[in-house]
Amino acid sequence: LSAEATTLSLGSQHEASTAWLRVAQGASVRSGQSEVRSQSGGSAAVTLTGKDSSWSTAGHALSVRAGGQSRMDIEAGARLSTGISAVSADGGTAAVSVSGPGSRWTLASVVDPSSPFAVLGGGYLWLQAILGGNTSLTVQDGGEVHATTVALDAQGADSRVTLNLLGSAQSGRGVLQTDWLVRGAEDVTLNLEGGVLRASADSATTAPSDPGELDRRFFLAGFDALTLGDQGVVFDTNGHNIAVGTALPRMPLSMPPATA
């Protein structure tokens, strides 16, 4: 079974509404720009489950936003392929989980040069919380996320962003593969408990000449401390030369829109 749509919007403009999408048993969805959104008191949920089950936005953006409760689960070998993507809690809770061997979220490395966010490059994943929201990405037990850049940014009192890399040698390790992992605010947590943090490019060796460009000299940027759980973490340079910087970098002023 397969389904195609020019755009896909899951959710409602009304408060306390509920919406859900389940893709299973090898079914596939292909769309353009897409949004999963909940309003205050409401919920929106997407589940991709099972080998050969997939959703592709054909290089267009995916936005997961939460005024209420928004959740996306990629599990049991399912695949998600998107362009620039944002997971944002706008006063609510936004959670994405990628778990199980073969499960993967891949963010395309291409980008429309006419986009106002072309400077970010392709494969950009933005995790943001505002207005007291709570955003999390959990990669565990053999699941993988591949993105050129992963940015974590929390703004406002009680807003939190958490990235969990979990697993073990026995259950499988969650893998985040990226060129650049950046922390742009204080209320951000990187929880390393048995996962793999893998580099996909060399760190830049010089600062950008244009102050408007992002500084990519550091594979890990803005993290002044890392807390390891009992399972530890695997840092995989993947054959690349990488560096780590503790200073909070300059972040773009707003989150990419749901277009690419």
Side-chain angles (χ1 to χ4, degrees), residues 1-3 5 8-12 17-31 33-39 42-57 60-83 85-90 92-108 125-129 133-147 150 152 160-168 171-178 189 191 193-196 258:
L1 175 66
S2 63
L8 193 156
S9 181
L10 181 70
S12 171
S17 62
T18 299
W20 59 271
L21 172 67
R22 181 177 175 87
V23 182
Q25 297 182 331
S28 64
V29 174
R30 184 177 175 86
S31 67
Q33 68 179 62
S34 300
E35 182 178 62
V36 178
R37 187 164 193 164
S38 63
Q39 301 294 338
S43 64
V46 174
T47 301
L48 309 179
T49 183
K51 185 177 181 294
D52 297 326
S53 300
S54 65
W55 178 10
S56 171
T57 66
H60 294 279
L62 171 67
S63 176
V64 180
R65 295 174 184 260
Q69 305 287 322
S70 294
R71 183 169 186 87
M72 178 178 294
D73 292 290
I74 306 157
E75 60 186 31
R79 299 292 180 100
L80 173 65
S81 177
T82 68
S85 297
V87 182
S88 176
D90 309 335
T93 299
V96 175
S97 172
V98 184
S99 63
S103 302
R104 181 180 295 180
W105 181 6
T106 303
L107 288 88
L125 174 58
W126 193 307
L127 307 177
Q128 186 184 58
N134 192 323
T135 293
S136 66
L137 170 63
T138 300
V139 190
Q140 61 186 344
D141 300 339
E144 298 190 15
V145 173
H146 293 197
V150 180
L152 289 67
R160 298 289 305 176
V161 172
T162 304
L163 172 58
N164 300 303
L165 292 180
L166 312 178
S168 67
S171 66
R173 300 185 184 277
V175 177
L176 174 61
Q177 180 170 301
T178 185
T189 299
N191 182 23
E193 181 64 82
V196 176

Taking all non-hydrogen atoms of both residues into account, name the closest pair between Ser38 and Ala44 and its distance.
-> CB-N, 3.9 Å
List the steps and the verdict of side chain to side chain contact (heavy atoms under 4.5 Å, CB included) for Thr106 and Leu80.
-> CA-CA 6 Å; Thr106 303; Leu80 173 65; over 6 Å; no
Distance in Å, Leu127 CG paired with Thr135 OG1, rounded so as to fall on 0.5 Å steps = 7.0 Å
Considering all heavy atoms of both residues, which atom of Arg173 and which atom of Gly195 are nearest to each other, and what is their separation?
-> CB-CA, 4.4 Å
Pairwise distance OG(Ser17) to CZ(Arg37) - rounded to 0.5 angstrom = 11.0 Å
Taking C-beta and beyond as the side chain, do Thr138 and Val96 meet within less than 4.5 Å on heavy atoms?
-> no
Could you go through the side chain to side chain contact (heavy atoms under 4.5 Å, CB included) check for Gln25 and Ser53 one step at a time?
-> CA-CA 6 Å; Gln25 297 182 331; Ser53 300; 5.5 Å; no
Leu10 and Ala19: which non-hydrogen atoms are nearest, and at how many Å?
-> CD1-CB, 3.8 Å
CD (Glu35) and OG (Ser70) are apart, to the nearest 0.5 Å, by 9.0 Å
Closest approach of Ala129 to Val161 (non-hydrogen atoms, all atoms of both residues) | N-CG2, 3.6 Å
Nearest heavy-atom pair of Met72 and Leu62: which atoms, and what distance?
-> CE-CD2, 3.9 Å
Apply side chain to side chain contact (heavy atoms under 4.5 Å, CB included) to the pair Ser97 and Arg71, showing each step before the final yes or no.
-> CA-CA 8 Å; Ser97 172; Arg71 183 169 186 87; 3.8 Å; yes
From Thr93 atom OG1 to Gln69 atom CD, the distance as rounded to the nearest 0.5 Å | 4.0 Å
Residues forming a side chain to side chain contact (heavy atoms under 4.5 Å, CB included) with Thr49, sequence neighbours excluded = Arg22, Ala24, Thr47, Glu75, Ala76
Compute whether any side-chain donor of one residue and acceptor of the other, for Trp55 and Ser81, lie under 3.5 angstrom apart.
-> no
For the residue pair Ser85 and Trp126, confirm or rule out a side-chain donor-acceptor distance under 3.5 Å.
-> no
Salt bridge (charged side-chain N to carboxylate O under 4.0 Å, His left out) contacts in which one or both residues fall within residues 93-106, not counting sequence neighbours = Arg104-Glu144
When rounded to the nearest 0.5 angstrom, what distance separates CG in Leu165 from CD in Glu193?
-> 11.0 Å
Could you tell me whether the side chain of Leu125 reaches within less than 4.5 Å of the side chain of Leu137, counting heavy atoms only?
-> yes
State, yes or no, whether a side-chain contact exists between Asn191 and Leu166 at a heavy-atom distance under 4.5 Å.
-> yes
Grab the two heavy atoms, one from Thr57 and one from Gly83, that are nearest each other, plus how far apart they are.
-> OG1-N, 3.6 Å
Report the C-alpha separation of Trp105 and Thr82 in whole Å, then their side-chain angles, then the decisive distance to 0.1 Å, and conclude whether the side chain to side chain contact (heavy atoms under 4.5 Å, CB included) test is met.
-> CA-CA 8 Å; Trp105 181 6; Thr82 68; 3.0 Å; yes
Any donor-acceptor pair under 3.5 Å linking the side chain of Ser103 with the backbone of Gly77?
-> yes
Indicate whether any N or O donor in one side chain lies under 3.5 Å from an N or O acceptor in the other, for Asp141 and Ser171.
-> yes
Arg160 and Thr189: side-chain donor and acceptor closer than 3.5 Å?
-> yes
Could you grab the distance from atom NE2 of His60 to atom OG of Ser34, nearest 0.5 Å is fine?
-> 9.0 Å
